[in-house]
Amino acid sequence: MDIKTSAWITVSQDTGDICPVFRRQFATGKAIDKAELQITVLGVYKAEINDQRVGDFVLAPGWTSYDHRLQVQTYDVTALLQKENDLRVTVGRGWFRSPMPGWMDSADKRRRYAQPCGLIALLRICYADGTEETVQTDENWQWAESPVRFSEIYDGERADARIVPENWQPVKPLDWSRDILIPQEGEAIRETERVAVRQILRTPAGEIVIDFGQEVTGYVEFTVDARAADKVSFTHAEVLDKDGNFYNENYRSAKALVEYTCREGKQTWHPQLTFFGFRYIKLLSWPGEARPESFTAIVVHSDMKRTGWLKSGNAELNQLFSNILWGQRGNFLDVPTDCPQRDERLGWTGDAEVFIKTASYLFDTERFFKKWLHDMTADQRESGEIGQVIPDVMPEGESSAAWGDAATICPWQVYQTYGDASVLEDQFECMRKWVDFITGVTTTSNLWTDHFHFGDWLGLDAPDGSYKGSSREDFIASAFYAYSTALVVKAGKLLGKDVCAYEKLHGDIVAAFRKTFPEYKTQTEHVLAVHFELAENPQKTADALAEMVKSDGVQLRTGFVGTPYILHVLSNYGHADLAWSLLLRREYPGWLYSVAKGATTLWEHWDNIKPDGSFWSDDMNSFNHYAYGAVGDWVFNVACGIQPLEPGFARARIAPHPDSRLHNLSGTLDTAHGRIRSAWKHTEDGVRYEIDTPVAAEIVINGKIYAVEPGSYIF
C-alpha cells in the first residue's frame with residue numbers, strides 16, 4: 001500500500017505556539033519479518049516508536065515548494081517494534097509555517113503562517129507467516145501537547161522537560177492534497193559532526209559566553225544536573241564586538257533563543273525542530289557553574305559525500321579553504337541558502353549560481369541540486385519568470401539577471417561536473433521558458449532593458465548609498481541573457497531538440513550587445529564581456545581588465561556578479577600572476593583579509609569587520625555567506641589545473657599554474673570516473689608536479705602538452 005491511501009490528520013483545536021504530538025498505539029502479536037514507515041508532515045517532525053527515535057533524518061521532511069511538492073520519508077522500523085507499540089510524532093512549524101522572510105510582510109507570508117499542521121503516515125508490517133498489516137493515519141490517532149512549547153525557524157525553541165503528554169484528544173481529518181506527495185529526492189539532513197567548546201569567556205560586559213571556535217549551523221546540546229523548574233536559556237552569535245562583548249544585532253529580528261525548563265536530575269537535551277547559525281552562545285540562565293564539557297555544538301546539514309580537497313603550504317590559504325568548506329556545510333541545509341543565522345535563510349538563486357561549481361567539487365551535490373532545481377521548475381511563474389529565492393516565499397518580488405539565470409547555469413554545471421544529461425532533460429523547459437520570459441519583457445529587442453535588477457550586488461565600486469556596483473544594469477542583464485540563451489542552445493542540441501530559433505536569438509543578442517556596448521567601464525563589465533564570449537577582442541579586453549586591476553591598486557572592485565569569474569578571465573588570458581595576487585591579498589578587499597580577522601566561514605562583505613574593528617552594518621552583515629567562496633573553483637581549475645575535457649571528467653585536462661609566492665599546492669577531486677589529483681611544489685631544481693588521473697588526460701606543463709593514459713605521473 002502507498003501513503004496516499006492514508007488520510008491527513010490534524011489537531012482538533014488550536015494549540016497556539018505549542019507543538020502537538022500525535023500518537024497511535026497498536027499491538028502486533030506475531031513474529032515480524034519487516035516493518036516500514038512512510039511519513040511526512042506539514043511542518044517538521046520527530047518520530048518515535050516505543051521511545052526510540054525513528055531514523056536519523058533531522059528537520060524532516062526538509063524544505064520544498066510545499067504547494068506543489070512534499071517529500072515522504074521511508075524508514076525501516078523492524079527493530080523498533082514490540083508486541084505493544086506506541087508511535088508518536090511531534091510536529092513543529094519548520095519552514096512550512098514559520099514567518100519567512102522575517103524582515104517583510106506580505107499576503108503570501110501571512111497565508112503560510114496561518115496554515116495548519118498536519119500528519120500523514122502509513123506503517124506497513126510484514127509478518128513472518130506471509131500476512132501483512134497496516135497502521136495508517138485516521139480517526140484512531142490521538143494528539144496532545146508536547147514538551148516543545150514553541151519552535152520556529154528564526155526565533156528558536158522553548159521546551160519544558162517536566163511535561164509528559166496527557167489529556168489525549170481525538171484528531172480530526174484535514175482536507176489537504178495528497179497529489180503533492182513525492183518520494184524523498186534530496187539528501188537527508190543529518191547531524192554530521194560534534195564540535196567541543198574551545199573556551200568559556202567572561203566578557204568585559206560580564207556575560208558568560210561559550211566559544212566553539214568554529215561557526216557552524218545546527219544546535220547546541222547541553223547536559224545539566226538540575227532541580228525541577230530550573231531554567232536554561234541562551235542566545236546565539238557569530239562574532240564578538242571589538243571590545244570582546246557578545247554581539248548578534250546582525251541577526252536582525254531573529255531571536256535565535258533557546259529556553260529549557262528542567263526536570264529533576266541529570267539530563268541532556270538539544271533543540272528538536274529548528275536550527276541556528278552560530279559560533280558563540282551567551283548564557284542567559286544556567287543552574288550552577290558552566291563547564292566546557294557540558295556543551296557540544298552539533299553540526300547539521302544535508303549529508304553530502306565529500307569529494308574535493310585543497311591543501312597548500314600557506315596556513316592562511318588553508319584557512320580560506322576551510323572557510324569555504326564550512327560555508328557550504330552551513331548553508332547547504334536542504335536548500336542552498338544565503339546565510340543560516342538571521343531572519344532570512346532563503347534559497348537565493350544568485351548565490352547558488354555563482355557558487356555551484358565550487359560546491360560541486362567539494363561535495364557530491366548532484367542529488368541536492370536536482371531536488372532544488374525541481375522546486376525551481378515547480379515555482380516558475382506562468383510567464384517563465386524565476387523568483388529571487390527558491391522555494392519562492394517572495395512571490396511578489398521581481399526576477400533579476402544573474403539570479404534568475406540560475407535556471408540555466410545551475411543545471412548546466414550539474415551536467416558538466418557529473419556527466420548525467422538527465423538534469424538537462426528535467427530542466428530544459430524551465431531553461432527555455434526563462435529565456436522566453438526575458439524576450440517577452442524587455443523593451444529593447446535582443447537586449448534586456450528596463451527591468452528591476454540587483455546589478456553587480458555589493459560591487460566595491462558602488463556609488464554612495466547603493467548596494468549595487470557601478471556596472472550598468474542593462475549591460476549585466478544583456479550579458480546574462482546572451483549566456484542563458486547559449487546554454488539553452490547547448491542543452492537543446494545535446495538533447496536532440498530543435499533550437500534553431502534560440503541559436504539565431506543568441507547571434508542577434510551578441511550583435512546587439514557589441515553595437516550597444518562597444519566600451520566597458522568597470523572591472524565587472526570587462527569580466528562578463530570576456531567570460532560570456534561577447535567581446536570582439538577578448539585578449540584586448542582581458543589586458544584592459546588587468547591594467548584596470550593594477551590601476552586600482554591590485555584590488556577587486558567587483559561584486560556578486562563579477563567576482564566569481566575575474567580570476568578565470570585574468571588567468572585564461574595570460575595574467576595568472578595577477579590572479580594569484582588577488583587571491584593572496586591580505587588587506588581589504590581580499591580573500592585573506594577575513595582570515596586575518598579570525599573568520600571561520602566566508603563573509604557577506606569583504607569588510608564585515610572593518611580594519612578598526614567596527615562592523616560594516618547591523619542590517620546586512622552575515623558572517624556565513626558562501627558566495628565569495630566561488631574562488632574555490634579557480635583553485636581547482638586553474639591553480640591546480642583540474643578541468644573536464646568531457647562532462648563528468650570522462651576525460652580531463654590538467655594544466656597547473658604554480659606561483660612562486662606559494663611553496664606547494666595540491667587538489668584532489670573524486671569524480672564519477674575516479675580520483676584526480678594534481679599537486680605541485682617548488683624545489684631546488686624547479687617546480688615538481690605530481691599528477692594522478694583515472695582517465696585519459698591532456699597534461700599541460702610549462703606550455704608542453706602530454707597526452708596520457710590513466711596513471712600516475714611526475715614532471
Side-chain angles (χ1 to χ4, degrees), residues 307-322 324 357-358 361-362 538-539 542-543 545-547 549-550 554 556 565-587 590-592 595-596 631-645 649 651-671 673-715:
T307 54
W309 294 263
L310 294 169
K311 186 177 182 180
S312 79
N314 181 308
E316 289 185 326
L317 196 57
N318 289 337
Q319 184 62 53
L320 174 65
F321 299 156
S322 174
I324 295 170
K357 191 174 182 181
T358 298
Y361 290 166
L362 290 174
Q539 184 65 60
D543 292 344
L545 170 65
E547 290 305 312
V549 170
K550 292 174 184 176
V554 192
L556 294 163
Y565 309 126
I566 188 170
L567 300 193
H568 288 280
V569 170
L570 290 170
S571 56
N572 288 346
Y573 288 89
H575 303 285
D577 59 334
L578 188 55
W580 272 109
S581 294
L582 291 174
L583 176 65
L584 296 174
R585 182 181 173 88
R586 298 183 75 253
E587 302 80 14
W591 275 280
L592 299 186
V595 171
V631 72
D633 73 58
W634 183 86
V635 181
F636 275 111
N637 283 170
V638 180
C640 296
I642 303 172
Q643 305 163 21
L645 275 181
F649 292 87
R651 288 196 309 125
R653 183 176 189 267
I654 305 174
H657 280 69
D659 187 271
S660 60
R661 288 163 287 185
L662 195 64
H663 178 261
N664 59 77
L665 177 69
S666 67
T668 303
L669 187 62
D670 285 346
T671 75
H673 299 277
R675 174 168 290 186
I676 299 175
R677 179 177 179 271
S678 174
W680 52 261
K681 65 179 177 179
H682 291 277
T683 70
E684 292 181 356
D685 300 323
V687 181
R688 175 187 172 95
Y689 300 87
E690 298 179 2
I691 295 170
D692 299 313
T693 173
V695 296
E698 177 182 282
I699 299 177
V700 183
I701 303 294
N702 297 325
K704 187 174 181 180
I705 301 175
Y706 304 86
V708 302
E709 295 301 311
S712 298
Y713 299 89
I714 296 176
F715 295 90

Applied to residues 696-708, the salt bridge (charged side-chain N to carboxylate O under 4.0 Å, His left out) test, sequence neighbours excluded, yields Arg653-Glu698
What one should report as the nearest heavy-atom pair of Ala679 and Ser666 is CB-CB, 3.6 Å
- prompt: Any donor and acceptor pair, going by atom type alone, linking the side chain of Asn318 with main-chain N or O of Lys311 inside 3.5 Å?
  reply: no
Output for pair (Thr693 OG1, Arg651 CZ), nearest 0.5 Å, gives 10.5 Å
*asked:* For Arg675, is there any backbone N or O sitting under 3.5 Å from a side-chain donor or acceptor partner on Asp670?
replied: no
In short, salt bridge (charged side-chain N to carboxylate O under 4.0 Å, His left out) pairs touching residues 682-692 with sequence neighbours left out are Arg677-Glu690, Arg688-Glu690
Between Trp634 and the options Trp580, Tyr565, Trp591, Tyr361, the ring pair (Phe, Tyr, Trp, His ring centres under 6.0 Å) test singles out Trp580
Exactly one of Val595, Leu310, Val635, Leu583 clears side-chain contact (heavy atoms from CB on, under 4.5 Å) with Leu317, and that residue is Leu583
*asked:* Is there a side-chain contact (heavy atoms from CB on, under 4.5 Å) between Ile701 and Ile691? Walk through the geometry before answering.
replied: CA-CA 11 Å; Ile701 303 294; Ile691 295 170; 4.2 Å; yes
So side chain to side chain donor-acceptor pair (under 3.5 Å) across residues 656-665, not counting sequence neighbours, yields Ser581-Arg661, Asp659-Arg661
Heavy-atom nearest pair, Trp680 first then Val687, reads CB-CG1, 4.0 Å
dist Leu362:CG -> Phe321:CZ (nearest 0.5 Å) comes out at 10.0 Å
Any side-chain heavy-atom pair of Ile566 and Val549 under 4.5 Å:
yes
Closest non-hydrogen atoms of Ile676 and Pro694, given as atom of the first, atom of the second and distance, are CG1-CD, 3.5 Å
Q. Hey, mind stepping through Tyr689 and Asn702 against side-chain contact (heavy atoms from CB on, under 4.5 Å) and telling me if it holds?
A. CA-CA 11 Å; Tyr689 300 87; Asn702 297 325; 3.8 Å; yes
TODO: Might you work through the ring pair (Phe, Tyr, Trp, His ring centres under 6.0 Å) test for Tyr713 and Tyr706, ending with a clear yes or no?
DONE: CA-CA 11 Å; Tyr713 299 89; Tyr706 304 86; 8.9 Å; no
When you measure from the side chain of Ser678 to the backbone of Cys640, do you find a donor-acceptor pair of N or O atoms at a distance under 3.5 Å?
yes
Q: May I ask you to test the Leu582-Leu570 pair for a side-chain heavy-atom distance under 4.5 Å?
A: yes
Between the NE2 atom in His575 and the NZ atom in Lys550, the distance rounded to the nearest 0.5 Å is 6.5 Å
Taken to the nearest 0.5 Å, the spacing of Asn637 CG from Leu567 CG works out to 11.5 Å
Between the CD1 atom in Ile324 and the OG1 atom in Thr358, the distance rounded to the nearest 0.5 Å is 6.5 Å
